[in-house]
Structures are given as structure tokens and as C-alpha cells.
S.K.: 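Before we start, here is the structure in question, set down as C-alpha cells.
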Amino acid sequence: NHHTQYYKTHCQKAFIEIFIKKQKRITGMDKLMASVSTAIPEPEEDIDPNLTLVGEYVTLRVLRPGEDVDELFFNSHGYHSNIWEYLFSGPFASPHEMEAWMVSSMHTSTPFCVIDKKSNQKIGMIHLMNRVHEHKRVELGSIWYTPRFHKTYANTESVYLLLVYCFEKLKYRRVEWKCNNENEPSKRAAIRLGFQYEGLFRQHMIIKGKNRDTAWFSIIDFGWEDVKNELYKKLYTNYYENKIKQVSSS
């Protein structure tokens with residue numbers, strides 16, 4: 001009898017422990033589902049075709065192909081044409097051909113013209129692309145700048161302005177950066193800007209007749225505040241002071 005009673009007591013304790021653990025798992029799952037349910041997006045809003053994002057050094061304005069193409073063509077062709085090496089399109093034979101590409105790209109993405117505030121020059125382009133509102137994610141891509149503005153504030157502030165817009169205005173959860181794995185400057189830029197490397201998609205695409213292995217990077221909303229603070233310090237301390245002087249004097 002003693003052994004029987006011990007066995008029953010032991011089984012009851014074991015059952016209670018299992019029940020408690022199961023309830024904890026259910027509670028944890030409920031919390032997870034609650035967090036997911038709060039992430040269900042509102043109906044998608046179109047991006048304002050007149051959207052302008054103003055920084056200290058650059059202004060981003062939604063592209064106006066007819067108005068912007070001549071200066072952007074001039075600043076990205078001739079001896080600048082190598083900037084198109086890893087992009088999906090370009091270089092172009094004429095401003096007219098480039099304008100046709102711009103108009104076409106506006107059907108699937110939101111391209112921005114990057115304007116240097118000091119010189120008032122149109123110095124490059126950056127796109128919001130592969131936007132999936134249902135999952136609250138978007139990609140920054142098809143980015144180029146005229147070589148004079150490489151390794152300056154231009155890309156850092158352009159990306160910063162769009163990250164603020166995506167995470168704080170659109171309330172997105174994830175912003176992606178993808179590039180040809182052979183594009184070392186783009187991979188270094190992604191890391192410098194706070195994106196985390198996620199992996200390599202081998203034989204992902206064929207671009208301009210060549211294989212492309214695609215390197216994937218992202219920033220997610222949980223890490224955004226830290227990234228934002230680091231970018232802010234880089235941009236709005238004396239980090240770029242020498243670069244600004246170099247651009248001004250060249």
C-alpha cells in the first residue's frame with residue numbers, strides 16, 4: 001500500500017508539472033499570436049507621387065522622368081558608365097532610352113532622384129522596390145551616384161532618410177538590401193549602414209547574360225533604433241566634415 005500510494009503521488013506530481021509546462025507553452029504561443037495580430041497591416045496606401053524627404057545634405061524627391069532625365073543621364077554616362085555594371089539595367093544609349101526605363105520602373109517601384117543641397121545637382125537615384133505591404137517589408141535597391149559623390153554623405157543620408165520613412169512612417173518591419181555577391185563596395189556599404197548579412201542565394205539570377213549570386217542583408221524593426229542612432233552620429237557629427245570639404249573643392 002505504501003508503494004502504491006507513493007506511485008500515485010509521484011504520478012500526480014508529474015501530471016501537474018506536465019500540465020503547467022503545457023500551459024506555459026500555450027501562454028507563450030498566445031503572446032506570440034497577439035504580437036503577430038498587432039502586426040496585421042492597415043490597407044496599403046500609395047506613396048505620395050510628390051513625396052520629398054529633406055536631409056541636411058541631400059533631398060530625395062520621387063522621380064520625375066521628363067524633368068530629371070537629362071541631368072541624371074549626364075551624371076551617369078560617358079566615363080561614369082561603369083556605375084551600371086551590377087545594376088539590372090543601363091548604361092543607356094541616349095536620354096530617351098533612359099527615360100523609357102525610368103517610366104517603366106515607376107510601375108513596379110518608387111524611384112527617387114537624389115539632389116545635393118549645396119550644389120543643387122541631381123547626383124543619383126535610389127529605389128523603394130519589392131514592396132510587400134501585407135508582410136510590411138520593402139527593399140532599398142537600384143542605387144547609384146555620380147562618382148564625385150562616392151564615399152561621401154550622399155548614400156548614407158539617402159539611406160537614412162528612407163529608413164526613417166519606412167520604419168517610422170510606413171511602420172514596416174523589415175527593410176532589405178540585396179546585391180550581386182561580386183559587388184564588394186555594395187556589400188561593404190550594407191554593413192556600414194547597419195544591415196545584417198543573412199546569406200547567399202546561389203545562381204539566383206542571370207543579369208546581362210551573366211550569373212548573379214545574390215547576397216541578402218536586412219534591418220528589422222527590433223534593431224532599428226540602434227541603427228538609427230549610429231547613422232545619426234555618423235551624419236550629424238564631424239564624421240563627414242572632410243568629405244564635404246573635398247566635394248566642395250573638387
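The first residue of the sequence shown is numbered 1, and numbering continues consecutively from there.
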S.K.: Which heavy atom in P65 sits nearest to a heavy atom in E99, and how many Å separate them?
M.R.: CB-CG, 4.0 Å
S.K.: Could you see if L235 belongs to whatever hydrophobic cluster contains I115? Use Ile, Leu, Val, Met, Phe, Trp, Tyr and a side-chain cutoff under 4.5 Å.
M.R.: no
S.K.: Nearest 0.5 Å, what's the CD1-OG distance between I123 and S158?
M.R.: 6.5 Å
S.K.: For F149 and Y145, I'd like to know if the aromatic rings sit close, meaning centre-to-centre distance below 6.0 Å.
M.R.: no
S.K.: Any chain of hydrophobic side-chain contacts (each under 4.5 Å) joining W177 to F88?
M.R.: no
S.K.: Is there a donor in the side chain of R131 and an acceptor in the side chain of T110, or the other way round, less than 3.5 Å apart?
M.R.: no
S.K.: Working note: N130 + R137, criterion side chain to side chain contact (heavy atoms under 4.5 Å, CB included); need CA distance, chi angles, decisive distance, verdict.
M.R.: CA-CA 8 Å; N130 293 324; R137 74 169 187 257; over 6 Å; no
S.K.: Report the C-alpha distance between C113 and M125 in whole Å, list the side-chain angles of each, state the deciding distance to 0.1 Å, and finish with yes or no for side chain to side chain contact (heavy atoms under 4.5 Å, CB included).
M.R.: CA-CA 5 Å; C113 178; M125 293 177 63; 5.6 Å; no
S.K.: Step by step, work out the side chain to side chain contact (heavy atoms under 4.5 Å, CB included) result for K187 and R192.
M.R.: CA-CA 9 Å; K187 292 194 292 184; R192 180 178 57 80; over 6 Å; no
S.K.: If we only count heavy atoms from C-beta on, is the R174 to E176 side-chain gap below 4.5 Å?
M.R.: yes
S.K.: Is there a donor-acceptor contact under 3.5 Å linking the side chains of Y86 and N181?
M.R.: no
S.K.: With a 4.5 Å limit on heavy-atom distance, are the side chains of F112 and L51 in contact?
M.R.: yes
S.K.: Evaluate the side-chain proximity of T59 to L53: yes if any heavy-atom separation is below 4.5 Å, no if none is.
M.R.: no
S.K.: I need the R173 CZ to C166 SG distance, nearest 0.5 Å.
M.R.: 14.0 Å
S.K.: If we check side chain to side chain donor-acceptor pair (under 3.5 Å) with T214, which of these qualifies: R202, Q203, K178, H204?
M.R.: H204
S.K.: Indicate, with yes or no, if M129 and V159 share a hydrophobic cluster defined by side-chain heavy-atom contacts under 4.5 Å among Ile, Leu, Val, Met, Phe, Trp and Tyr.
M.R.: no
S.K.: Out of I126, T146, N155, which one pairs with V114 under the side chain to side chain contact (heavy atoms under 4.5 Å, CB included) rule?
M.R.: I126
S.K.: Work out which heavy atom in S142 is nearest to a heavy atom in H127; give both atom names and the distance.
M.R.: O-ND1, 3.1 Å
S.K.: Among side-chain atoms of E198 and S218, is any donor-acceptor pair under 3.5 angstrom?
M.R.: yes
S.K.: Pairing donors with acceptors under 3.5 angstrom, does anything connect the side chains of Y172 and H133?
M.R.: yes
S.K.: Are V175 and F195 side-chain neighbours, meaning at least one heavy-atom pair lies under 4.5 Å?
M.R.: yes
S.K.: Honestly curious: do L128 and W216 fall in one hydrophobic cluster under the side-chain, below-4.5 Å linking rule?
M.R.: no
S.K.: Indicate the atoms forming the closest heavy-atom contact of F73 with S94, along with that distance.
M.R.: CE1-C, 3.5 Å
S.K.: Under 4.0 Å between a side-chain nitrogen and a carboxylate oxygen: does that hold for E85 and K208?
M.R.: no
S.K.: Looking at NZ of K117 and OH of Y57, how far apart are the two atoms once the value is rounded to the nearest 0.5 Å?
M.R.: 10.5 Å
S.K.: Using a strict cut-off of less than 4.0 Å between a Lys/Arg side-chain nitrogen and an Asp/Glu carboxylate oxygen, indicate whether R61 and D68 qualify as a salt bridge.
M.R.: yes
S.K.: Under a plain distance cut-off of 3.5 Å, with no hydrogens placed, do N211 and D213 share a side-chain donor-acceptor pair?
M.R.: yes
S.K.: Between the main-chain N or O of K233 and the side-chain N or O of T237, is there a donor-acceptor pair closer than 3.5 Å?
M.R.: yes
S.K.: Looking at NZ of K122 and CG of D70, how far apart are the two atoms once the value is rounded to the nearest 0.5 Å?
M.R.: 8.5 Å
S.K.: Specify whether W224 and F167 have parallel, tilted or perpendicular ring planes, treating 30° as the upper limit for parallel and 60° as the lower limit for perpendicular.
M.R.: parallel
S.K.: Check this for me: D48, atom CG, are more than 12 non-hydrogen atoms of other residues, nucleotides or ligands nearer than 6.0 Å?
M.R.: yes
S.K.: Would F217 end up clustered with F201 when hydrophobic side chains under 4.5 Å apart are linked, directly or stepwise?
M.R.: no
S.K.: Does V58 form a side chain to side chain contact (heavy atoms under 4.5 Å, CB included) with Y153? I'd like the steps, not just the answer.
M.R.: CA-CA 8 Å; V58 300; Y153 49 82; 4.2 Å; yes
S.K.: Check L87 against I143 and note the closest heavy-atom contact, atom names and distance.
M.R.: CD2-O, 4.0 Å
S.K.: Could you tell me whether Y197 atom OH has more than 12 heavy atoms of other residues or ligands within 6.0 Å of it?
M.R.: yes
S.K.: So do the side chains of Y165 and L60 get within less than 4.5 Å of each other, counting heavy atoms only?
M.R.: no
S.K.: Can you confirm whether E225 is buried at CD, in the sense that more than 12 heavy atoms of other residues, nucleotides or ligands lie under 6.0 Å from that atom?
M.R.: yes
S.K.: To the nearest 0.5 angstrom, please state how far the CD atom of E230 sits from the OH atom of Y160.
M.R.: 12.0 Å
S.K.: R212: what forms a salt bridge (Lys or Arg N to Asp or Glu O under 4.0 Å) with it, not counting sequence neighbours?
M.R.: none
S.K.: Would one find more than 12 heavy atoms of other residues, nucleotides or ligands at under 6.0 Å from atom CD of Q196?
M.R.: no
S.K.: Does the side chain of V138 come within less than 4.5 Å of L170's, by heavy atoms?
M.R.: no
S.K.: If you take all heavy atoms of G194 and I219, which pair is closest and at what distance?
M.R.: O-CG1, 3.5 Å
S.K.: Do L231 and Y236 touch side chain to side chain, with heavy atoms closer than 4.5 Å?
M.R.: no
S.K.: Is L63 close to M102 at the side-chain level, that is, under 4.5 Å between some pair of heavy atoms?
M.R.: yes
S.K.: If you measure from CG on L161 to OG1 on T52, what distance do you get to the nearest 0.5 Å?
M.R.: 11.0 Å
S.K.: Only counting residues at least two apart or in another chain, list the ones meeting salt bridge (Lys or Arg N to Asp or Glu O under 4.0 Å) with E182.
M.R.: none
S.K.: Less than 3.5 Å apart, any donor N or O on the side chain of K210 or N180 sitting next to an acceptor on the other?
M.R.: no
S.K.: Do the side chain of S81 and the main chain of G78 share a donor and acceptor less than 3.5 angstrom apart?
M.R.: yes
S.K.: Please check: side-chain N/O of S76 versus main-chain N/O of L72, any donor-acceptor pairing under 3.5 Å?
M.R.: yes
S.K.: Decide if the gap between the ring center of W84 and the ring center of F92 is smaller than 6.0 angstrom.
M.R.: yes
S.K.: Identify the two heavy atoms, one from M106 and one from P111, that lie closest to each other, and give their separation to 0.1 Å.
M.R.: CG-CG, 3.6 Å
